[in-house]
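Notes for the one structure printed next.
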Amino acid sequence: GLPTVCSETCVGRLRYLGVFLYDADKVTAAAATPNEQDLYEAQLDLLLDPNDPEVQAAAARAGIPLDWLQAAQASPVYALAKKYRVALPLHPEYRTMPMVWYIPPLSPVVDAVSRDGHDGEDLGYLFGALEALRNMLQYLAGLFTAGDTAVVEGVLRRLAAMRSYMRDIN
């Protein structure tokens, strides 16, 4: 019942701890997805919206305690993975269907931009750096999406846009 040390102390805020509701009856079919690069979407499809009244009713029928449902509703992990699509599963190609998801680090991109003497918070520079850092994209895609760099690039673009937006507000 205690959070993991890694999720509590993660300097980069890559790890968040929370409860996912998922359809256990569909795990085997999702894991059997033929194309490895489709496993990310298959795994996303397993995740159930804890705020959906039908999901809540099914959880009650299945005997899931109310405090678990409330924990899933209060957890940021559903939103990070499914709603905002910035969290990714580690090595989906292993077909273990883990419920551990990570937010890829944007810091190497910010560092590269800053190292070149540019504003590491400027959205234009961040997007340009993503184009230039293909090796990093390939590495991250190998970790999180069975090699699909387009998914990782999309996540990093959303993170860069959110970072730039929040920096403008502050």
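It should be emphasised that the depicted structure is a prediction, and the values quoted were computed from it without experimental measurement. Along the sequence shown, residues are numbered consecutively beginning with 1. Scope of the values below: all heavy atoms of this structure, side chains included, with no hydrogens, waters or symmetry mates.
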For the pair [X] (side chain) and [Y] (backbone), establish whether a donor and an acceptor sit closer than 3.5 Å, ignoring hydrogens and angles.
{"X": "Q73", "Y": "N51", "result": "no"}
{"X": "Q138", "Y": "G147", "result": "no"}
{"X": "Q37", "Y": "A146", "result": "yes"}
{"X": "T145", "Y": "A141", "result": "yes"}
{"X": "T33", "Y": "A30", "result": "yes"}
{"X": "D116", "Y": "H118", "result": "no"}

Test log, rule side-chain contact (heavy atoms from CB on, under 4.5 Å), inputs L90 and Y102: CA-CA 7 Å; L90 185 63; Y102 297 85; 3.7 Å; yes
Do you know the tightest heavy-atom contact between [X] and [Y]?
{"X": "K82", "Y": "D45", "value": "NZ-CA, 3.9 Å"}
{"X": "A72", "Y": "P50", "value": "O-CG, 3.5 Å"}
{"X": "P92", "Y": "Q43", "value": "CB-OE1, 4.2 Å"}
{"X": "L133", "Y": "V109", "value": "CD1-CA, 3.9 Å"}
{"X": "P105", "Y": "L140", "value": "CD-CD2, 4.0 Å"}
{"X": "R95", "Y": "A32", "value": "NH1-C, 4.0 Å"}

Side-chain touch [X]/[Y], heavy atoms, less than 4.5 angstrom:
{"X": "E41", "Y": "D38", "value": "no"}
{"X": "H91", "Y": "E36", "value": "no"}
{"X": "L143", "Y": "V152", "value": "no"}
{"X": "L156", "Y": "L137", "value": "yes"}

About how many Å separate [atom2] of [Y] and [atom1] of [X], when rounded to the nearest 0.5 Å?
{"X": "T149", "Y": "N135", "atom1": "OG1", "atom2": "CG", "answer": "11.5 Å"}
{"X": "T28", "Y": "M97", "atom1": "OG1", "atom2": "CE", "answer": "9.0 Å"}
{"X": "D168", "Y": "M166", "atom1": "CG", "atom2": "CE", "answer": "10.0 Å"}
{"X": "Q56", "Y": "L21", "atom1": "CD", "atom2": "CG", "answer": "9.0 Å"}
{"X": "L159", "Y": "I103", "atom1": "CG", "atom2": "CD1", "answer": "6.5 Å"}

Do [X] and [Y] share a hydrophobic cluster (ILVMFWY, side-chain heavy atoms under 4.5 Å, transitive)?
{"X": "L44", "Y": "V27", "value": "yes"}
{"X": "F144", "Y": "L39", "value": "no"}
{"X": "V19", "Y": "I64", "value": "yes"}
{"X": "V77", "Y": "L48", "value": "no"}
{"X": "V55", "Y": "Y78", "value": "no"}

Atom OH of Y22 with >12 non-hydrogen neighbours under 6.0 angstrom: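 No, because the 6.0 Å sphere around OH of Y22 holds 12 heavy atoms or fewer from other groups.
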Reference residue L106; test side chain to side chain contact (heavy atoms under 4.5 Å, CB included); the match among R163, M162, R158, R157: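 The option that passes is R163.
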CA sep, side-chain torsions, deciding dist, call: D148, Y40, side-chain contact (heavy atoms from CB on, under 4.5 Å): CA-CA 10 Å; D148 189 347; Y40 163 63; over 6 Å; no
Parallel, tilted or perpendicular, as decided by the 30° and 60° cut-offs, for the rings of W101 and F20: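 Plane angle over 60°, so perpendicular.
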